[in-house]
There are 2 protein chains.
Amino acid sequence: MFKKVLIAEDMEDINKGVFAMLNELGIQEVQQVQYCDDAYMRIQKARLDKKPFDLLITDLSFKEDYRTQKYPNGPDLIERIRQDDRDMKIIVYSIEDKIQVVKKLFNSYKINGYVCKTRRGLKNLSSAITDIMKGKKYVSPEVDNALSTHSDLDINDYDIALLSHLSKGMSQEEISDYYKKNNISPASLSSIEKRLNKLRVDFNANNAIQLIAIVKDLGLI
Amino acid sequence: MFKKVLIAEDMEDINKGVFAMLNELGIQEVQQVQYCDDAYMRIQKARLDKKPFDLLITDLSFKEDYRTQKYPNGPDLIERIRQDDRDMKIIVYSIEDKIQVVKKLFNSYKINGYVCKTRRGLKNLSSAITDIMKGKKYVSPEVDNALSTHSDLDINDYDIALLSHLSKGMSQEEISDYYKKNNISPASLSSIEKRLNKLRVDFNANNAIQLIAIVKDLGLI
DNA sequence: TGATCCATTACGGGATTCCGTAAGGCTGTT
DNA sequence: AACAGCCTTACGGAATCCCGTAATGGATCA
């Protein structure tokens, strides 16, 4: 069983709920923070003290407030952690159910579990912990099938940036000019058209408008 | 002080947190439900028994599960309640911070308070209750200024439908044809262009693509 | 009835997107 | 060197969007 666990969750009530559940599971040491920066500090310190955390349970989105944060939300925190430590287990516990977001967490950041905050969220979180102890991954049923079926489209950072520019109102020609100025390749109008055409096919969109609507729903931009 | 309060909130932990807070405020009778349909039933029954609720505190989004619901989420519930009862106080307690959504809740459904789920969420909820008891409205600081400054654009159902069709990939000409078939007026391509032009100006969008991106962010569609 | 207002519709032209075809350039293989 | 494969770029035409201006039609009021 995990010995030392950190909870990063801004909402007090949820944080408490998770804490109680971990106690019931018989975990000895559970620490709680409400900010990602605090989470990183604790993890850092624990590692230096040679008493590292076994497991991090973290939310994705943290509401901003007066405390400006270096790592304002979950993905930022996780990315930073993974620079030092590929081993610590990480479970994301979030309301987010957008497939692409979850996919990226597993692929890029090698998280070990993803649990949706639902009515059964705490129970699933408990299952996740036991699964991960056995070396398995865990994905909440809410996103599991969507994750496995939805064939893997190869959307890269260039595509994301392109869609983002488009959604900000730039014309394809303006994007082309911008890319030429900033030495981003491919930059030609023709290439941009081609790439957008591919994206439209991938996402079954009739035109650029629908494409943007779809990728916004997916949480891609 | 309110005597009889109902909490509608699907997440168990949050529901508990709110319940505890209400107890501390000294409210005598607090009931809790995790589904909107249950909420409506209770409210209905309480009214028939001549012991109606003074106050409803409800979430906006309820996760779907195996129980199919007549009123799947907060707005549906609130709309239904307001058909019978314009007097019961309603506070929405939600993570949602999209201005247009909040605006619609106040304008169309005459809710009495809106509290954002944040770190200080419970404290704000408590303030909301005391404000509303005094006959005032309450709006969380997170959305308050945005709500008051952002001048009131007159976006109607026709506009929303138009934007929705656009986001689903229909061309303006297709929308025009569709409107003509279904006797929706105005239906001409020219009128549709004109309306979209107005919307682009209202929302400061360069083109239809950005327009859709913006209204999606605002939660309008 | 005539004047006015306002919403809807019509039309034209420039800008942009969409989509096919083809040419140019780079890489790796034989 | 010659070739194939792939990515990038170029170009042209059709469709669509964008944006004026102007005509139509209904409602109201004097």
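Each chain gets a letter, A, B and so on, in the order the sequences are listed, and its residues count up from 1.
Between A:N197 and C:dC18 there is no side-chain N or O to OP1 or OP2 distance below 4.0 Å. One finds no side-chain N or O of A:R200 lying less than 4.0 angstrom from the OP1 or OP2 phosphate oxygen of C:dT17. Within the structure, a side-chain polar atom (N or O) of A:R195 is placed less than 4.0 Å from OP1 or OP2 of D:dT8. At the phosphate of D:dC18, OP1 or OP2 sits under 4.0 Å from a side-chain N or O atom of B:Q172.
If you check every strand for non-hydrogen atoms under 4.0 Å, B:S171 touches sugar and phosphate atoms only. Looking at heavy-atom distances under 4.0 Å, B:E193 makes contact with a base. Base contact: A:S191 has a heavy atom under 4.0 Å from a base atom.
Other residues, nucleotides and ligands contribute at most 12 non-hydrogen atoms within 6.0 Å of the NZ atom of A:K104. Other residues, nucleotides and ligands place no more than 12 heavy atoms under 6.0 Å from the OH atom of A:Y178. For A:K180, the NZ atom is densely surrounded, since the number of other residues' heavy atoms within 6.0 Å is greater than 12. The number of heavy atoms from other shown groups lying within 6.0 Å of NZ (B:K198) is above 12.
If you measure from atom CD1 of B:I209 to atom P of C:dC18, you get 6 Å, rounded to the nearest angstrom. Between the P atom of C:dA15 and the CG atom of B:N206 lies a distance of 16 Å, rounded to the nearest Å. For the pair B:L211 CG and D:dC18 C1', the computed distance is 13 Å after rounding to whole Å. Whole-Å rounding puts the A:L163 CG to C:dT17 P distance at 14 Å. As rounded to whole Å, 14 Å separates atom P of D:dT8 from atom NZ of A:K180. Across the protein-nucleic acid pair, A:N207 atom CG and D:dC17 atom P stand 7 Å apart, rounded to whole Å. The nearest whole Å value for the distance from the CG atom in B:L196 to the P atom in D:dG20 is 15 Å. Rounded to an integer number of Å, the gap from CG of A:L189 to C1' of D:dA10 is 10 Å.
Under 4.0 Å is where a charged nitrogen must lie from a carboxylate oxygen, and between A:D76 and A:K70 no such pair does.
The base of C:dT9 sits with one of its N or O atoms less than 3.5 Å from a complementary donor or acceptor on the side chain of B:K194.
Heavy-atom nearest nucleotides on DNA chain C were determined for B:S190 and for A:S190, and the one closer to the 5' end corresponds to B:S190.
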